[in-house]
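Structure first, then comments.
Quick note: numbers below take in every heavy atom, side chains included, and nothing from hydrogens, waters or symmetry partners. Residue numbers begin at 1 in each chain, while the letters A, B, ... track the order of the sequences.
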Amino acid sequence: MLYSLHCLLSLYLRLCLSKINVPSIYNHRRFEEKWLLDWERRQLFQGRSQPGSASRSEKLYLLFAFAYPSGSGLHVGHVESKTALDILARFYRMNGRQVLFPVGWDAFGLPAENYAIKTGVHPAQTTRQAIDTFRRQIKRIGVSYDWTNEIATCHPEYYRWTQWLFLQLYGQDLAYQATGMVNWCPSCQTVLANEQVVDGHCERCDHQVVQREMKQWFFRITKYREELIGGLEEVDWPEPTKQQQLNWIGKKEGINVEYPVEGTAATDLTVNCFTTRPDTNFGATFVVVAPEHRLARDIAAGLVKPDTAAVTHRRQVSRYLRQTERKTERERQQEGRRKTGVFTGLYALNRLTGQRMPIWVSDFVLRGFGTGAVVGVPGHDRRDFEFAQTFKLPVKRVVVAPDGDGTDITSLDQVQEEAGVMLNSGFLDGLEISQAIPTMMDYLEKRGWGQRQTAYRLRDWLISRQRYWGTPIPIVYDPEGRPHPVKEEHLPWLLPTDVDYQPQGKPPLASSREFIERTERLYGPGWRPEFDTMDTFVDSSWYYLRYVDPRHPDRFASAEQLRRWLPVDFYMIGPEHIVLHLLYSRFFTKFLRDQGYFKFGEPFTKMRHQGIIMGPDGKRMSKSRGNVISPDQVIDKFGADTLRVYEMFMGPIETDKPWDDSAVAGVYRFLGRVHDLVSQAKAVESTADEHPAVQRKLHQVIRKLSADIPALKFNTAIAALMELTNLWEDVSRHGRQAVLARASLINFVQLLAPLAPFLAEELYSQLEGEADSVHLSDWPTWDDRLAAEPQVSLPVQVNGKIRAQLKVPAEQLGDTSQILEQAQRLPAVQRWLGGEEPSNSIYVPGRIVSLVTGPVGKKA
RNA sequence: GCCGAAGUGGCGGAACUGGUAGACGCGAGAGACUUAAAAUCUCUUGGUGGCAACACUGUGUGGGUUCGAGUCCCACCUUCGGCACCA
């Protein structure tokens with residue numbers, strides 16, 4: 001019964017379908033899975049040497065940002081950039097390049113550990129599950145990764161080299177221990193990374209985070225700060241990204257000016273202030289030091305005593321230091337720009353003016369930048385002005401603003417920071433700021449009052465984390481507490497498994513008996529391991545090196561493979577959170593180069609960013625908003641090719657764009673038409689018999705895709721394919737009439753291959769049989785002569801407005817005088833010229849004709 | 001506040017080096033097929049006026065350069081990212 005009903009239905013359907021023009025027989029389910037298994041079985045993209053013509057020599061290393069396998073799986077935003085890179089990989093393979101396209105997981109990290117604290121499930125288990133999910137989802141979208149060489153940072157075979165890298169840095173004194181301020185959550189009893197501090201509160205328990213001083217491990221990245229600036233000139237990166245790196249390094253040229261300190265019995269006391277604007281020093285009226293500054297501490301400790309009211313000042317300063325120390329991040333943020341501070345009772349002598357400048361302590365001065373002391377020029381620095389206003393300190397004008405305002409400065413908007421001419425400044429009077437700065441620097445240096453100095457914002461990298469799920473720091477302490485490197489033969493220095501990762505106020509590793517016993521067994525009684533693990537940025541900032549030789553047992557990668565593949569030719573990475581990762585990666589690269597492991601100093605030759613795919617509501621996709629689109633849903637309904645082509649068609653890869661369900665259906669329709677068109681196409685005998693317009697379009701499209709794909713302009717590439725399809729359909733009256741030769745049908749399918757690899761493979765197998773793969777075929781070539789339009793329609797402007805079109809055969813496009821004459825004779829042009837002779841005639845070959853009446857050189 | 005990016009139809013977007021603004025897709029409207037719906041196909045689709053030919057107008061705002069400006073210059077407005085007392 002059911003069966004006969006089904007038969008009737010399908011018969012009916014077939015009858016209906018035969019009546020309408022294009023019976024859509026495209027069904028992705030029939031073949032996507034099949035080709036996936038086929039590619040895997042034939043190991044099409046595995047290993048680092050693909051089969052193919054002998055010309056496959058030039059290497060191409062394509063790198064996708066290291067992915068953290070989160071528990072919630074992939075969403076369609078991840079698909080975009082993976083697909084983009086996969087298109088490049090497939091395109092370049094077809095173009096004879098030797099392609100390295102590896103995959104791996106940034107598998108250590110907090111989410112898995114937090115989940116473990118909540119549920120008790122071991123992070124290794126959740127991580128493995130998450131990776132399995134990611135792998136399955138990525139395979140489904142047809143990304144041609146080399147899966148046999150997959151890596152994960154949580155595998156001992158990976159992290160032994162992370163530890164090795166630490167030891168190399170340690171050996172060169174670039175890894176060191178120091179006391180530093182860290183974010184401490186009193187409720188969770190643990191240190192938090194900066195990213196875990198949201199609005200001054202703990203990300204997990206919402207408790208206020210406090211600053212706490214702890215002994216920590218640092219990497220001396222600042223050693224490379226100049227090279228990290230200079231190297232940016234060598235690379236092809238988006239300018240804003242370079243700018244962000246520069247801002248982060250924050251190089252500032254200035255001068256340290258030394259002021260004698262007065263008002264105390266000590267005679268040789270000075271205070272050293274860093275400034276980029278010594279030109280305004282005639283306008284300096286006070287000095288401020290950071291609470292951590294030595295002078296402030298000495299006063300609080302009673303080591304430096306002001307001549308007058310010494311006890312009061314000491315008491316006030318030490319109270320202020322205690323207050324600021326106790327301040328939470330939140331309190332500082334809430335304070336905003338409101339200024340606090342106390343007078344020390346001491347004065348700095350401004351030797352330019354002979355004036356005594358009161359020395360204050362205030363926490364708006366940062367200890368980590370410059371000298372931790374600044375000279376206050378309230379007339380020409382907004383911050384200094386606010387401080388002067390709060391504490392009623394004098395304001396003096398030494399620059400006339402470009403608008404000529406030379407009156408007393410009484411409001412913030414009068415504070416002139418940028419441009420102007422000096423006054424009330426002795427020998428600087430009348431000079432522009434830009435000239436006054438070097439003049440003053442020379443003057444101060446000549447007298448020994450100051451010394452030119454460069455300041456940087458970049459600090460050394462704090463890598464210690466009191467966390468479980470990370471790479472153990474390969475350090476052991478002797479019974480006296482002195483650190484020693486773990487011996488290389490003891491690597492990998494395994495992460496213990498018998499730990500209690502509930503927060504207890506000490507690092508989770510401290511709870512492992514095995515870890516301590518292991519250390520004592522290998523190093524002696526009383527020895528203890530380092531209990532901290534490394535920042536996961538350490539793991540993820542050298543992975544691109546391991547990728548070239550992921551199974552090498554004795555080195556992080558062999559010299560041969562490093563030489564062969566690096567540097568990375570193209571890096572695709574999101575625009576957010578890139579500053580640190582890129583700085584760290586570049587730092588490691590420069591370090592290992594200096595150790596002689598390779599020659600290059602910049603790891604990523606070319607880099608581009610992908611945008612964010614927003615939900616259908618135009619907002620960022622998130623679980624709580626309920627606007628997350630999963631690739632699995634889309635693939636189930638429309639197939640992986642539709643998902644890929646749609647995402648590439650949405651717009652430029654680097655911009656943010658919203659998801660649109662009905663546009664997805666549009667792409668599905670397009671692929672359906674392509675499928676039907678090709679699979680039903682009858683071929684003409686030879687390319688000589690092809691329909692000229694379709695043939696021309698095909699060659700134009702081959703040319704366009706050959707340029708658009710390497711330029712990542714996938715949206716216009718797909719539009720071109722649609723145009724070709726539309727034309728082909730029109731001309732062939734929907735697939736019934738042969739218009740192209742077999743060779744051209746194959747070319748069309750090849751154009752499709754990088755973008756819609758499943759459909760292309762299916763159609764290719766119909767045309768060529770199943771023995772070959774379209775993905776191993778050679779990218780089609782075009783013929784410029786066949787692509788040329790035989791006739792061009794030239795717009796003709798009269799006085800700047802288009803009034804007519806002139807049809808010109810292609811071979812006559814170079815004949816300027818004839819074209820101008822013909823254009824002038826067009827009826828519409830005659831009408832608009834109104835009988836006048838043009839005073840100016842312009843012909844831009846192949847583009848436009850422009851005729852102008854009236855006086856030459858003037859607008860009509 | 002500072003640094004950066006971007007503003008084009010109802011929507012996503014296209015436009016080479018200053019040379020026909022709106023390719024391609026979505027949506028919408030009308031029609032064909034159908035008992036009907038869906039699907040599919042055909043046509044129309046920036047705005048205003050006109051039966052039409054056609055004209056005017058139009059790329060955030062206001063100026064400018066040019067035969068010609070979405071594109072270049074100046075000023076401003078808006079939105080989105082990043083940093084945030086960095087001397």
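The side-chain hydrogen bond (donor to acceptor under 3.5 Å, both in side chains) test with A/R277 singles out one residue from A/D279, A/T280, A/N281, and that residue is A/D279. In summary, of the residues considered (A/L806, A/L794, A/V829, A/V796), a side chain to side chain contact (heavy atoms under 4.5 Å, CB included) with A/Q822 occurs for A/L806 alone.
At least one side-chain nitrogen or oxygen of A/N726 sits closer than 4.0 Å to the OP1 or OP2 atom of B/rG25. Not one side-chain nitrogen or oxygen of A/W248 sits closer than 4.0 Å to the OP1 or OP2 atom of B/rG4. OP1 and OP2 of B/rA39 both lie 4.0 Å or more from every side-chain N or O belonging to A/R669. In this model, the phosphate group of B/rC54 is not approached by any side-chain N or O of A/R803 to a distance below 4.0 Å at OP1 or OP2.
Residue-level contact check: A/A719 touches the bases, meaning some heavy atom is under 4.0 Å from a base atom. Among the atoms of the strands shown, base atoms are found under 4.0 Å from some heavy atom of A/V365.
Taking a pair as Watson-Crick or G-U wobble with both distances under 3.5 Å, the runs of three or more consecutive pairs in RNA chain B are B:1-7 with B:77-83, B:10-12 with B:24-26, B:27-32 with B:40-45, B:46-49 with B:54-57, B:60-64 with B:72-76.
By the 30° and 60° cut-offs, the orientation of the rings of A/Y584 relative to A/F537 is perpendicular. A/F387 and A/F286 have tilted rings, their planes meeting at an angle from 30° to 60° on a 0 to 90° scale.
The existence of a salt bridge linking A/R696 and A/E789 is confirmed by a sub-4.0 Å separation between a basic side-chain nitrogen and an acidic carboxylate oxygen.
One can place CZ of A/F670 at 15 Å from P of B/rU40, the figure rounded to the nearest angstrom. The nearest whole Å value for the distance from the CZ atom in A/F369 to the P atom in B/rC85 is 12 Å.
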What does the B/S/- profile of nucleotides 11-22 of chain B look like, 5' to 3', with a 4.0 Å heavy-atom cutoff to protein?
-BSSSB--BBS-
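Spacing of P atoms, B/rG64 relative to B/rA52, comes out at 37 Å, to the nearest Å. Comparing the P positions of B/rU71 and B/rG9 gives an interatomic distance of 15 Å, to the nearest angstrom. Across B/rA55 and B/rC74, the matching P atoms stand 36 Å from one another, rounded to whole Å. Going from the C1' atom of B/rU8 to that of B/rU59 covers 4 Å, rounded to whole Å.
In this structure, the side chain of A/T222 does not engage the main chain of A/R459 through any donor-acceptor pair within 3.5 Å. Not a single donor-acceptor pair under 3.5 Å links the side chain of A/K704 to the backbone N or O of A/L721.
Between the side chains of A/N247 and A/R457, no donor-acceptor pair of N or O atoms lies under 3.5 Å. Counting only N and O atoms by type, the side chains of A/T716 and A/D708 include a donor and acceptor under 3.5 Å apart.
Glycosidic conformation of B/rG12: anti, with the torsion beyond 90° of 0.
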